[in-house]
Amino acid sequence: HFGHGLIGMLIGLVMVIGLDFL
Amino acid sequence: GGTMALIVGIYSRLIHAIKSFDTRFVKDLVTFRFSSALSGVHWRFMTVLLAGIFSAILFFTKIVPLQVYMFTDPELIYGLFFGLIVGSIVILLKALDSFGWWHAFYVLLGTLIGFWVVTLVPADTSESPLFVFLSGSIAICAMVLPGISGSYILLILRKYDYILSQVGKLGTVETAEGLLMILPFVLGAITGLALFTRLLSWLLDHYYVQTIAVLIGFLIGSLYVIWPYQDRSYEEFITETEVIEYTGERAMELRENPPETNLPTYRRLGEVVNPNATFDELKQIELVTVKKKLVKSDPFIP
């Protein structure tokens, strides 16, 4: 499940960057 | 535990708020001086925080059951937290003003300690009340530290299944015994929390940058176990045993449709209670509730 891990990491990064931006 | 508090930047406030619930507060409370009790504690902050924690627990157990997905889709869930923590580390490090080599030293120190803790191997320990008390105080310290989970520390101390089975006794005929066994744990947790938040708040007040740098190190150290691609091994704990008819409907149902075993908890058939009975109809069999817990994970690069 290589893709799953990648998608998860991307979502996590986007979440934290979004939070920081807000 | 403390991970999210550190990530969203309320760590210092959280520690000071926990610390504010002191003996004066308890004294005011038991003497019914409520307004005086409330005036000394950060109750607004704690109420909002607890409301948030409570709604998150409800949301992530009932609507989006994270504890199930952690077992069925570990790559996705661990990946999410990995991304979240990597991003936070960068942002937190940037927030430390004038980053110098001495900061790097504290970050490295935290990383080494964090890595050491998250790769500890479970050890057999005593079940004496004194050690249960100690386990409670260590586990609660882990809970307020970022990157280290309290339940993980209980696993390392081999007290996870013990506490869980005592909690399982609550509400049954053994409620009193369960409460008595949990009591040292709860007292340990309260003592540990009271002492540790005092130490942390002192450190944050006097050595803020160094403390935050070590805590960021803990986050970095914990990345090793949060890495989504791991060979995971689980341990199973039997939390409940019920005796049912061997040829009864529930037993037949379980034989026809074996339970999915990659769930955090599932029910399966155990041993036959009376294997020497003449007829199957007279036999009884155990129905056990199994709880799975991650005990070991070896990261790999896919």
Side-chain angles (χ1 to χ4, degrees), chain A, chain B residues 3-11 52 56 59-60 64 66-97 146-147 212 216 219-220 222-232 262 297-302:
Chain A
H1 295 108
F2 175 66
H4 284 182
L6 217 59
I7 293 168
M9 284 193 261
L10 267 173
I11 298 174
L13 270 174
V14 169
M15 270 170 76
V16 81
I17 292 167
L19 271 174
D20 188 55
F21 186 73
L22 286 175
Chain B
T3 311
M4 280 296 159
L6 187 67
I7 289 177
V8 299
I10 56 161
Y11 195 77
F59 186 80
F60 286 113
V64 182
L66 265 193
Q67 81 281 15
V68 175
Y69 295 143
M70 268 174 97
F71 286 81
T72 55
D73 301 274
E75 288 87 2
L76 191 63
I77 303 300
Y78 281 87
L80 175 75
F81 284 109
F82 190 87
L84 209 62
I85 292 176
V86 168
S88 315
I89 290 169
V90 177
I91 289 167
L92 285 167
L93 282 177
K94 275 201 338 210
L96 284 183
D97 22 83
I212 296 291
I216 296 171
L219 285 185
I220 299 174
S222 74
L223 285 179
Y224 183 77
V225 284
I226 296 285
W227 176 245
Y229 310 104
Q230 314 243 4
D231 283 319
R232 300 183 170 87
N262 68 342
S297 55
D298 294 307
F300 64 85
I301 295 166

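Chain naming here is simple, since letters A, B, ... match the order of the sequence lines and numbering starts at 1 in each.
At a heavy-atom separation below 4.5 angstrom, chain A is approached by D73(B), E75(B) within residues 66-75 of chain B. Contacts from residues 2-9 of chain A to chain B, taken as heavy-atom pairs separated by less than 4.5 Å, involve F2(A), H4(A), G5(A), L6(A), I7(A), G8(A), M9(A) in sequence order.
Panel note: side chain W227(B), backbone F82(B); no donor-acceptor pair is recorded below 3.5 Å.
When all heavy atoms are compared, the tightest approach of G12(A) to L84(B) is O-CD1, 3.4 Å. Residues L6(B) and I216(B) share a closest heavy-atom pair of CD2-N, 4.3 Å. For the pair S222(B) and G147(B), the tightest heavy-atom approach, listed with the atom from each and the gap, is CB-O, 3.2 Å. Shown here for V16(A) and G87(B), the closest heavy-atom pair between the two residues is CG1-CA, 3.5 Å.
Side-chain contact between Y229(B) and I301(B): absent, with no pair of heavy atoms (C-beta onward) separated by less than 4.5 Å.
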Evaluate side chain to side chain contact (heavy atoms under 4.5 Å, CB included) for L93(B) paired with I89(B), printing each intermediate quantity in order.
CA-CA 6 Å; L93(B) 282 177; I89(B) 290 169; 3.9 Å; yes
May I have the step-by-step check of side chain to side chain contact (heavy atoms under 4.5 Å, CB included) for I7(B) and I91(B), ending in yes or no?
CA-CA 9 Å; I7(B) 289 177; I91(B) 289 167; over 6 Å; no
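Note: F81(B) CZ to S88(B) OG = 11.0 Å, rounded to the nearest 0.5 Å. Here the CG atom belonging to D20(A) is positioned 8.5 Å from the CD1 atom belonging to I17(A), to the nearest 0.5 angstrom.
Of the two parts of Y78(B), neither the backbone nor the side chain holds a non-hydrogen atom closer than 4.5 Å to a non-hydrogen atom of chain A.
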